[in-house]
Amino acid sequence: MTDRPQTQDAANSMWGGRFAAGPDAIMEAINASIGFDRRLYAQDIRGSRAHAAMLAAQGIISDSDAKAIGEGLLTVLSEIEAGDFPFRTALEDIHMNVEARLKEIIGEPAGRLHTGRSRNDQVATDFRLWVRDQCDAAIEGLQALIRAALSQAEAGADWVMPGFTHLQTAQPVTWGHHMMAYVEMFGRDLSRFRDARARMNESPLGAAALAGTGYPIDRFATAKALDFDRPMANSLDAVSDRDFALEFLSAASICAVHLSRLAEELVIWSSAQFRFVSMSDKWSTGSSIMPQKRNPDAAELIRAKIGRILGATVALFTVMKGLPLAYSKDMQEDKEQVFDAADSLMLALAAMAGMLSDLTANREKMEAAASAGFSTATDLADWLVREAGLPFRDAHHVTGTLVALAEGRGVDLPDLTLAEMQSVHAAITEDVFGVLGVHNSVASRQSYGGTAPDQVRAQINRWKEKLA
Ligand code: ARG
């Protein structure tokens, strides 16, 4: 005999027919999921109502039993929503908690609800419905974020800022162009969640434990009632598949990478050394010791959320790999990961949309920075190719010499005199100054998708139409 405490309950009333004793307390602790899967209550009740209605329509249970079940489940729903539902760990999970309470409320007909179904297809259905809702929430959150980035882009379609590679000033770009790069990234995220949603929109309900059922159920009817496109075509797959959760987590991970990269830029740009942007008070915090500080905490936390989201993704992939068909209890470990990742993602999306909407881009600071660091050197080289007929490699070399000259004098390229320029290459004329300013530089990059304000505005309009 073990001296560990036993649970007070006798054998589980839901499945304990062949059991003489209740579980060890530690068994109960490791087995129970009610602590977290209670979040599936609305989906569980919705699925059960659809199932009961179908059972009656097929003549498998009586109309009066189905009516009692349907109404009783609504009572359970309102109890849970009112916060006075007696959740019991001994009943393991949300499915058995709901059913046991239904029995207390309506009596015997409750026992007919589980006809032609198993907790395996039940949990697969509930969780799919929940993740499907999260895809919709992510899509909505991304649309709001894209709108915020679009308004920034529109306001500053021709504001010049340094474009970076290796975080070294490379060529001037516009603020609008930079914002639109994120619109493209978040746009791909949006389509990933849409794709995942479309693929997951099949109903596992009626797959029963794993093999289907001998009752004349109508899986198409329950699929329709739950707004699924169709029932899943293989009952083994239906109860063992968690691709929908993996796809959601994968899309969430990529989206979190994008959020993290933008957050990082906001942290850099809001620093005293850059001051490209000012975060509104609503999205900044102070320091308890250094009165001068304005910290970009929200951006930093968004930057960090990828840790949790990717962690959840790796965790669920690890749980699923190597599981034999069909259902294994390992799969109960899917929910907390997805719950946490979804919560983190929705919060990060909302915070980024808010932060971006309330952000002020500092046009003068960005333009001054864009003009520094010889950012129009490529324009000078291109001018030498175009106007003086030099091969690009020679033009590159001449420009390099001019940059070294300017650097030695402590000035920028447009500050060199014509005579100084001609001392490096005789073909240079006064016209060269026309391409050296940052505004000339960005205006000239008219290639499709380039940084010229016209191009940026064309992309903004395309996105606005797309979102309308
Ligand atoms: N709580 C379980 C889960 O989340 C429900 C399915 C239980 N099925 C079973 N055969 N024990 O996976």
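This one's a predicted model, so the numbers in the text were calculated from it and none came from an experiment. Note that ligands are numbered from 1 as they come in the structure, with each ligand's atoms numbered from 1 the same way. If you read the sequence from its start, that first residue is 1, and numbering goes on from there.
- The 12-atom threshold is not exceeded at CZ of Phe220, counting heavy atoms of other residues, nucleotides or ligands nearer than 6.0 Å.
- Aromatic ring orientation, Phe248 versus Phe193: tilted (interplanar angle from 30° to 60°).
- Here Asp358 pairs with Lys282 in a salt bridge; the nearest charged N to carboxylate O distance falls below 4.0 Å.
- Between Arg199 and Asp229, no side-chain nitrogen of the basic residue sits less than 4.0 Å from a carboxylate oxygen of the acidic one, so the salt-bridge criterion is not met.
- Taking the six-membered ring where tryptophan is involved, the planes of Trp130 and Phe127 are essentially parallel, since the angle between them stays under 30° and well short of 60°.
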One pair per line, please: each N/O atom of ligand 1 matched with every protein N/O atom under 3.5 Å away, atom names first, then the distance to 0.1 Å.
from: ligand 1; atom 1: 1 (N); to: Ser33; atom 2: OG; distance (Å): 3.4
from: ligand 1; atom 1: 1 (N); to: Asp93; atom 2: OD2; distance (Å): 2.9
from: ligand 1; atom 1: 1 (N); to: Gln332; atom 2: OE1; distance (Å): 2.7
from: ligand 1; atom 1: 4 (O); to: Lys335; atom 2: NZ; distance (Å): 2.6
from: ligand 1; atom 1: 8 (N); to: Asn120; atom 2: OD1; distance (Å): 2.9
from: ligand 1; atom 1: 10 (N); to: Asn120; atom 2: OD1; distance (Å): 3.0
from: ligand 1; atom 1: 12 (O); to: Tyr327; atom 2: OH; distance (Å): 2.3

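- Here the side chain of Gln152 pairs a donor or acceptor atom with the backbone of Leu356 at under 3.5 angstrom.
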